Amino acid sequence: MTTSSNVAVTIDRLNKYYGTYHALRDVSLHVAKGEKVVLCGPSGSGKSTLIRCINRLEAHESGTINVLGTVLDDKTSHIDEIRREVGMVFQNFNLFPHMTILENCVLAPMLVRGASRREAEEQAMYFLHKVRIPEQAMKFPGELSGGQQQRVAIARALCMRPSIMLFDEPTSALDPEMVSEVLDVMVSLALEGMTMICVTHEMGFARQVADRVMFMDCGGIVETGTPKAFFGNPQHQRARDFLSQVRVH
Ligand code: ADP
């Protein structure tokens with residue numbers, strides 16, 4: 001049971017179209033503060049679209065999204081408020097290639113939060129330490145490995161002091177040997193109590209940290225359960241088919 005004070009995200013009967021294509025169908029989702037939710041499902045099922053709607057990278061056509069008490073509508077002030085609270089990490093890192101790692105991390109706190117350069121740099125170094133990469137601060141993204149770049153992307157998001165973190169397949173673009181260094185950072189974040197919604201195929205991560213796993217298919221959430229229930233006894237045939245194709249450990 002959630003009360004308004006412990007709710008992070010509430011989505012009710014969300015529908016999203018790309019042209020005539022119905023990408024999200026009556027999706028409802030409630031995430032409590034501190035909760036970790038893993039969204040999984042076949043490619044094209046709407047996972048990325050769903051989390052992109054939460055910070056208005058995609059606009060929805062009907063239904064409601066409420067983030068920490070703010071309703072996501074067309075008001076710029078509401079969108080800005082929500083974006084300040086919601087950090088996002090993308091599959092392809094999305095770092096600014098012409099800026100050093102440090103500059104990538106100080107930009108938004110200085111521009112959006114009005115932090116002084118000194119404050120922003122101190123904070124950036126704090127989070128670069130946290131993702132175990134402080135020695136790379138003066139390099140450019142192109143000089144780092146994919147795993148390092150993704151850890152920078154996580155640090156950069158954390159520099160905005162978000163209450164909620166969205167991850168959109170953060171390890172999918174990485175060489176296999178770099179996956180665990182990013183997952184380790186995500187696990188630490190989870191253990192510290194961050195509210196997280198993660199689209200990932202890393203089912204070991206889901207088993208380890210998720211409070212709930214949600215399985216999406218054809219634009220809808222078709223099954224929700226604890227990792228134990230979902231992996232041990234999936235109810236839906238499509239979830240069973242999916243699990244038979246991914247590595248769960
Ligand atoms: P998933 O993250 O589960 O792989 P997506 O949310 O990326 O799925 O995509 C859901 C569906 O919406 C797919 O059929 C995809 O082709 C379509 N889609 C995603 N983004 C766009 C877009 N910008 N324009 C048109 N169709 C899109």
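When a ligand or atom number is given, it counts from 1 through the structure's own listing order. As the structure is a prediction and not an experimental result, all values here were calculated from the model.
Contacts of F230 classified as ring pair (Phe, Tyr, Trp, His ring centres under 6.0 Å), with partners at least two apart in sequence or in another chain: none.
Using a 4.0 Å cut-off between charged side-chain N and carboxylate O, R56 and D80 make no salt bridge. Salt-bridge formation is not detected for the pair R113/E119: no Lys NZ or Arg NE/NH1/NH2 atom is positioned less than 4.0 Å from an Asp or Glu carboxylate oxygen. Ion pairing of E103 with R117 is present here, as a side-chain N (NZ or NE/NH1/NH2) and a carboxylate O approach within less than 4.0 Å.
Within 4.0 Å of ligand 1, protein heavy atoms belong to Y18, Y21, P42, S43, G44, S45, G46, K47, S48, T49, listed by chain and number.
Looking at every heavy atom in both residues, V106 comes nearest to A124 through CG1-CB, 4.0 Å.
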Q148 and R151: CA distance, side-chain angles, deciding distance, side-chain hydrogen bond (donor to acceptor under 3.5 Å, both in side chains) verdict: CA-CA 5 Å; Q148 290 174 323; R151 286 188 278 151; 5.9 Å; no
